Amino acid sequence: MTIDSVRGAPGASELAEPELIRLLTPEGERVEHPDYPLDLSAGEVRGLYRDLVIVRRIDREAVALTRQGELGLWASLLGQEAAQIGSGRALTEHDMVFPTYREHGVAWCRDVPPLNLLGLFRGVNHGGWDPAEHGFHLYTVVIGSQTLHATGYAMGVQRDGLLGTPSAGATMAYFGDGATSQGDVNEAFVFASVFNAPVVFFCQNNQWAISEPLEKQTRIPLYKRAQGYGFPGLRVDGNDVFACLAVTRKALENARTGQGPTLIEAFTYRMGAHTTTDDPTRYRLKAEEEAWKLKDPIERVKAYLVRGDLADTAFLDEVEAEAKQVAKELREGCLALPDPAPLSMFEHVYAEDHPLMTEEQEQFAAYLASFEEEVTP
């Protein structure tokens with residue numbers, strides 16, 4: 001007899017629906033929540049819809065470019081657009097974001113040019129954007145490490161004495177359900193709690209840590225882990241852009257006013273592969289994907305707009321045309337990205353000159369020059 005047979009190992013259904021905060025049903029009907037009121041104008045809703053559609057189109061173009069050999073890799077956000085756009089639009093200019101490698105929607109909200117993201121995955125730059133300018137740090141591939149960076153940054157903000165003032169900012173750390181099994185994430189929770197740091201931990205629970213399902217990551221809903229560290233945790237419908245906006249907005253405001261950290265679990269689904277090197281058909285059922293298609297984050301906002309006569313066919317067509325144009329320009333820009341000079345790999349490694357780095361750079365320069373000497377007549 002195994003321990004699991006005694007305790008009763010939880011299945012996905014047991015981890016799925018407790019205390020789910022929702023403001024927009026999958027059918028596009030608006031519902032209210034007493035703790036998370038949200039008053040959006042018709043223009044603001046249309047703006048959220050535009051964000052969702054364009055970000056999905058950018059993602060699909062990047063996947064296509066990868067399949068055609070133009071990118072080395074791509075981590076698709078398909079299905080997670082509402083979690084990212086909703087939380088991203090809750091940020092203010094004073095906040096700082098610490099992403100993983102999949103937050104293309106948040107990058108869009110922080111005005112990071114999509115071409116910069118493609119340059120990173122094409123291997124021609126290290127990101128190419130200034131984190132301070134956009135309030136959006138560089139992508140992090142090491143799973144979970146950005147949560148420590150975010151917590152440390154938040155503790156610095158706290159020590160600047162700005163909390164509770166108009167210029168106060170909070171930090172947002174994005175990560176997936178798989179990252180919650182990493183030691184870095186749990187250490188970040190400890191420091192954030194003990195020091196009451198102004199940080200929001202935003203977990204996009206997309207059900208799969210590459211090929212490992214949620215039930216192999218946790219025995220309880222992920223948001224409940226926050227209770228053990230001593231700060232609030234909650235679960236939001238990650239396919240509901242309204243709920244993600246309202247919940248994140250309140251959590252960030254709490255952080256900025258000195259009320260400490262919050263863990264938000266956005267319950268969503270990764271509709272595509274983990275990355276373009278992954279084949280999800282090897283470890284999950286097609287029926288599971290089909291069930292989640294009925295909860296599509298874009299379709300529910302579209303249904304809400306149409307149901308309430310907040311948008312007409314002309315607007316919907318206009319958004320589609322804009323998304324197509326963004327994708328066209330992105331493809332052209334990607335193909336035109338210049339290859340970096342070989343010696344540029346030594347730039348930005350250290351803030352100041354480093355003897356060993358200088359020696360290695362000189363050796364590599366001599367190596368490259370030797371090829372030119374061989375072809376000289």
Side-chain angles (χ1 to χ4, degrees), residues 20-33 36-63 76-92 97 102-114 117 136 174 202 204 206 236-249 264 266-272 292-330:
L20 188 70
I21 299 168
R22 176 180 288 159
L23 299 181
L24 187 65
T25 71
E27 296 75 29
E29 296 181 359
R30 184 75 162 83
V31 294
E32 300 297 331
H33 192 288
Y36 300 98
L38 184 67
D39 183 17
L40 295 175
S41 68
E44 289 172 324
V45 177
R46 288 193 293 268
L48 291 172
Y49 177 79
R50 172 182 174 271
D51 288 335
L52 294 168
V53 172
I54 291 178
V55 165
R56 177 171 290 186
R57 189 65 181 84
I58 290 170
D59 183 70
R60 285 180 167 168
E61 192 65 29
V63 170
S76 174
L77 59 62
L78 184 63
Q80 298 177 222
E81 296 90 352
Q84 295 192 16
I85 295 301
S87 61
R89 288 305 182 196
L91 295 158
T92 71
V97 174
R102 200 187 301 275
E103 273 67 62
H104 320 312
V106 186
W108 171 263
C109 293
R110 302 305 273 175
D111 296 324
V112 175
L117 305 180
F136 187 81
Y174 286 88
F202 195 92
Q204 293 174 84
N206 63 20
V236 62
D237 183 344
N239 286 22
D240 177 356
V241 71
F242 292 174
C244 289
L245 172 61
V247 167
T248 309
R249 182 178 285 172
I264 298 173
F267 196 79
T268 181
Y269 191 78
R270 192 192 78 216
M271 292 300 296
W292 275 92
K293 283 183 180 179
L294 300 176
K295 305 175 184 179
D296 185 274
I298 296 179
E299 290 303 316
R300 68 171 68 182
V301 178
K302 183 178 180 180
Y304 176 76
L305 286 169
V306 173
R307 185 191 300 271
D309 291 325
L310 302 179
D312 55 18
T313 303
F315 167 77
L316 300 177
D317 291 343
E318 179 184 329
V319 171
E320 291 294 336
E322 183 183 3
K324 184 177 180 179
Q325 181 62 28
V326 169
K328 177 177 181 293
E329 294 174 358
L330 187 63

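Atoms considered below: every heavy atom in the structure, side chains included; atoms not considered: hydrogens, waters and symmetry mates. All values derive from a computational prediction rather than experimental measurement.
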Trainee: From Q80 CD over to I85 CD1, what is the distance, rounded to the nearest 0.5 angstrom?
Mentor: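 Nearest 0.5 Å value for the CD-CD1 distance: 12.0 Å.
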
Trainee: Quick one: pull up CG in L245 and CG in L23 and give me the separation to the nearest 0.5 Å.
Mentor: 9.0 Å

Trainee: Would you say Y174 and S87 make side-chain contact, with heavy atoms under 4.5 Å?
Mentor: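 A side-chain contact under 4.5 Å exists here.
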
Trainee: Find the distance between CG (L38) and SG (C244) and round it off to the nearest 0.5 Å.
Mentor: 11.0 Å

Trainee: How long is the straight-line distance from CG of D296 back to NZ of K302, given to the nearest 0.5 Å?
Mentor: 10.0 Å

Trainee: Distance check, rounded to the nearest 0.5 Å: L52 atom CG versus R57 atom CZ?
Mentor: 15.5 Å

Trainee: Of all heavy-atom pairs between L78 and S76, which one has the smallest distance, and what is that distance?
Mentor: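 Smallest interatomic distance, heavy atoms only, reads N-OG, 3.1 Å.
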
Trainee: Which pair of non-hydrogen atoms, one from A82 and one from G238, has the smallest distance, and what is that distance?
Mentor: CB-O, 3.5 Å

Trainee: Quick one, I21 and D237 - any side-chain contact, counting heavy atoms below 4.5 Å?
Mentor: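 They are not in side-chain contact.
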
Trainee: Can you give me the closest heavy-atom contact between N239 and G79, atom names plus distance?
Mentor: OD1-O, 3.4 Å

Trainee: Between T268 and N206, does any side-chain donor sit less than 3.5 Å from a side-chain acceptor?
Mentor: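 No donor-acceptor contact under 3.5 Å links the two side chains.
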
Trainee: Any non-hydrogen side-chain atom of L24 less than 4.5 Å from a side-chain atom of V301?
Mentor: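 In short, these two side chains touch, coming nearer than 4.5 Å.
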
Trainee: Between V53 and A323, which heavy-atom pair has the shortest distance, and what is it?
Mentor: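 Taking every non-hydrogen atom into account, CG1-CB, 4.0 Å.
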
Trainee: Within this structure, what is the CZ-CZ distance for the pair R270 and R102, rounded to the nearest 0.5 Å?
Mentor: 6.5 Å

Trainee: Is the backbone of Q84 close enough, under 3.5 Å, to the side chain of E103 for a donor and an acceptor to pair up by distance?
Mentor: no

Trainee: Given E81, which partner from the list R60, R56, K295 fulfils the salt bridge (Lys or Arg N to Asp or Glu O under 4.0 Å) test?
Mentor: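 Output: one option passes, namely R56.
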
Trainee: Give a yes or no on whether the backbone of I58 and the side-chain of E61 come within a donor-acceptor separation of less than 3.5 Å.
Mentor: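 No; zero donor-acceptor contacts below 3.5 Å.
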
Trainee: Please walk me through it: do K324 and E320 pass salt bridge (charged side-chain N to carboxylate O under 4.0 Å, His left out)?
Mentor: CA-CA 6 Å; K324 184 177 180 179; E320 291 294 336; over 6 Å; no

Trainee: Does the distance from a Lys or Arg side-chain N to an Asp or Glu carboxylate O, for E27 and R300, drop under 4.0 Å?
Mentor: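 Between R300 and E27 there is no salt bridge, as every charged N stays at least 4.0 Å from the carboxylate O atoms.
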
Trainee: Are any non-hydrogen side-chain atoms of V55 and D59 less than 4.5 angstrom apart?
Mentor: no

Trainee: For residues D111 and F136, determine if any side-chain heavy atom of one lies less than 4.5 Å from a side-chain heavy atom of the other.
Mentor: no

Trainee: Do W108 and R89 have side chains that approach each other closer than 4.5 Å (heavy atoms only, starting at C-beta)?
Mentor: yes

Trainee: Taking the inter-plane angle between the rings of F242 and Y304 on a 0 to 90° scale, is it parallel (under 30°), tilted (30 to 60°) or perpendicular (over 60°)?
Mentor: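 Answer is perpendicular, since the angle exceeds 60°.
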
Trainee: Closest approach of G28 and A303, non-hydrogen atoms and distance?
Mentor: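 Heavy atoms only, the tightest pair is CA-CB, 4.0 Å.
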
Trainee: Is there a side-chain contact between R110 and L91, using heavy atoms and a 4.5 Å cut-off?
Mentor: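 R110 vs L91: side chains touch.
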
Trainee: Are any of the side-chain heavy atoms of F267 and V236 separated by less than 4.5 Å?
Mentor: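 Not in contact.
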
Trainee: For H33 and R22: C-alpha separation, side-chain torsions, deciding distance, then whether side chain to side chain contact (heavy atoms under 4.5 Å, CB included) applies.
Mentor: CA-CA 7 Å; H33 192 288; R22 176 180 288 159; over 6 Å; no

